[in-house]
Amino acid sequence: MTSQAKAYAAQSASTPLAPFSFERRDLLPDDVSIDILFCGVCHSDLHTARSEWDGTIFPCVPGHEIVGRVSAVGDEVNNFAVGDLVGVGCMVDSCGHCPSCKESEEQFCETTGFVGTYNGPDNVLGGHTFGGYSDHIVVKQGFVLKIGHDEKDLAAVAPLLCAGITTYSPLKHWGAGPGKKVGIVGIGGLGHMGIKIAAAMGAHVVAFTTSPAKIEDAKKLGAHEVIVSRNADEMAAHANSFDFILDTVAASHDLDALTGLLKRDGTLTLVGVPEHAHPSPNVFNLVFKRRSIAGSLIGGIAETQEMLDFCHQHGLVADIEMIDMQEIEGAYDRMVKSDVKYRFVIDMASLKA
Ligand code: NAP
Ligand code: ZN
């Protein structure tokens with residue numbers, strides 16, 4: 001027995017997302033069934049739906065910033081009850097016993113790899129997983145997050161499930177906090193959360209943008225300084241001064257302009273995953289000050305819960321623009337033009353229309 005889900009899917013890389021239905025599995029003893037109320041729109045959804053990365057399996061139902069209400073729980077579920085407000089992020093399963101899974105770094109699962117909320121292998125029904133641009137989802141309880149925020153903020157909590165954890169995890173890992181000068185590059189969905197979280201951690205936050213129109217917003221989000229990255233003089237004024245820079249940009253660009261701003265032993269961490277590779281970085285910039293270029297992938301489930309609780313305690317949610325499901329293609333087109341303030345969130349009630 002399965003249940004039919006209403007959704008929006010891309011049937012190919014070049015067709016617009018359109019109504020689609022498919023089957024969700026029936027509850028296993030360890031499963032939670034969730035009525036999806038809101039789903040954030042991540043640039044990864046666009047990269048995947050338009051097959052900008054290799055490996056999209058069609059039909060593709062994107063969406064991994066899911067919030068909603070528990071509608072049913074399996075017999076062995078002890079952590080969640082019907083009516084709870086919960087979230088689901090980028091993963092719905094992993095092997096559970098490799099060293100990374102044991103350390104709750106499931107995103108780095110070493111045996112099977114993590115199961116993506118969409119475009120991953122569906123280990124129960126076969127085929128591939130379908131994400132949050134849908135009316136409900138069935139997820140193993142170990143991959144369901146508790147939401148402590150007030151229900152009125154629920155839509156603005158959705159983006160924390162990817163944009164929040166993808167910035168929180170590297171900021172914490174590389175020690176953002178008091179006395180540290182931290183750069184956040186790109187003020188989109190990830191970047192605007194990066195600014196808020198780094199400021200809440202107590203760092204001195206500098207935002208880098210290609211959009212001068214976002215300068216004032218960046219300050220309101222918590223940036224102490226804002227640099228227009230296309231202005232070479234503004235960039236040069238910050239040479240050799242950053243402890244850490246987090247790069248969220250979704251397009252290929254020159255990394256040397258950023259590595260040159262790091263102090264000795266500073267790190268530039270990439271979380272943006274553009275369709276086309278960045279130009280190869282200049283090695284001199286790295287060797288002379290023992291600087292690093294690193295990468296980071298979302299965050300584990302325990303850390304995602306920690307991030308949600310941190311955001312709740314600090315009163316942080318995303319700045320969102322609510323859309324109907326039917327408006328998704330227009331939202332994608334605006335995202336490509338960096339015209340997002342600062343995360344689109346789909347009101348799933350519109351799916352019923
Ligand atoms: P987004 O909302 O579209 O924001 C990206 C921002 O990058 C834009 O708003 C823009 O900010 C800046 N930008 C765009 N084109 C640029 C260019 N040519 N040069 C310089 N800056 C440019 O995207 P997002 O949802 O935050 O996602 C960002 C990237 O992270 C995507 O590639 C996504 O797939 C990836 N991602 C990675 C992970 C992970 O685990 N590593 C998780 C989620 C997403 P300004 O207008 O301020 O310049
Ligand atoms: Zn995402």
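Read the numbers this way: they start at 1 and go in the same order the structure lists the ligands and their atoms.
- Counting only residues at least two apart or in different chains, ring pair (Phe, Tyr, Trp, His ring centres under 6.0 Å) contacts with residues 306-333 comprise His149-His312, Tyr168-Phe310, Phe310-His314.
- Counting only residues at least two apart or in different chains, salt bridge (charged side-chain N to carboxylate O under 4.0 Å, His left out) contacts with residues 338-353 comprise Glu65-Arg343, Asp217-Lys341, Arg334-Asp339.
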Stepwise side-chain contact (heavy atoms from CB on, under 4.5 Å) check, Asp31 with Val139: CA-CA 5 Å; Asp31 277 345; Val139 180; over 6 Å; no

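- Between Tyr133 and Phe20, the ring center distance fails the sub-6.0 Å criterion.
- For ligand 1, the 4.0 Å heavy-atom shell contains residues Cys42, His43, Ser44, His47, Trp53, Cys162, Thr166, Gly186, Ile187, Gly188, Gly189, Leu190, Thr209, Thr210, Ser211, Lys214, Thr248, Val249, Ala250, Ala251, Val271, Gly272, Val273, Ser296, Leu297, Ile298, Met335, Ser338, Arg343.
- A 6.0 Å sphere centred on NZ of Lys102 holds no more than 12 heavy atoms belonging to other residues, nucleotides or ligands.
- A salt bridge between Asp319 and Lys220 is absent, with no side-chain N of the basic residue lying under 4.0 Å from a carboxylate O of the acidic one.
- Ring-plane geometry between His278 and His253 is classed as perpendicular, the angle between the planes exceeding 60 degrees on a 0 to 90 degree scale with a lower cut at 30.
- Using bins of under 30°, 30° to 60° and over 60° for the plane-to-plane angle, the ring pair Phe288/Phe284 lands in the parallel bin.
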Full working for side-chain contact (heavy atoms from CB on, under 4.5 Å) between Phe130 and Tyr118: CA-CA 5 Å; Phe130 295 117; Tyr118 58 84; 5.8 Å; no

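- Protein atoms of type N/O/S that fall under 2.8 Å from the Zn ion (ligand 2) number 3 in this view.
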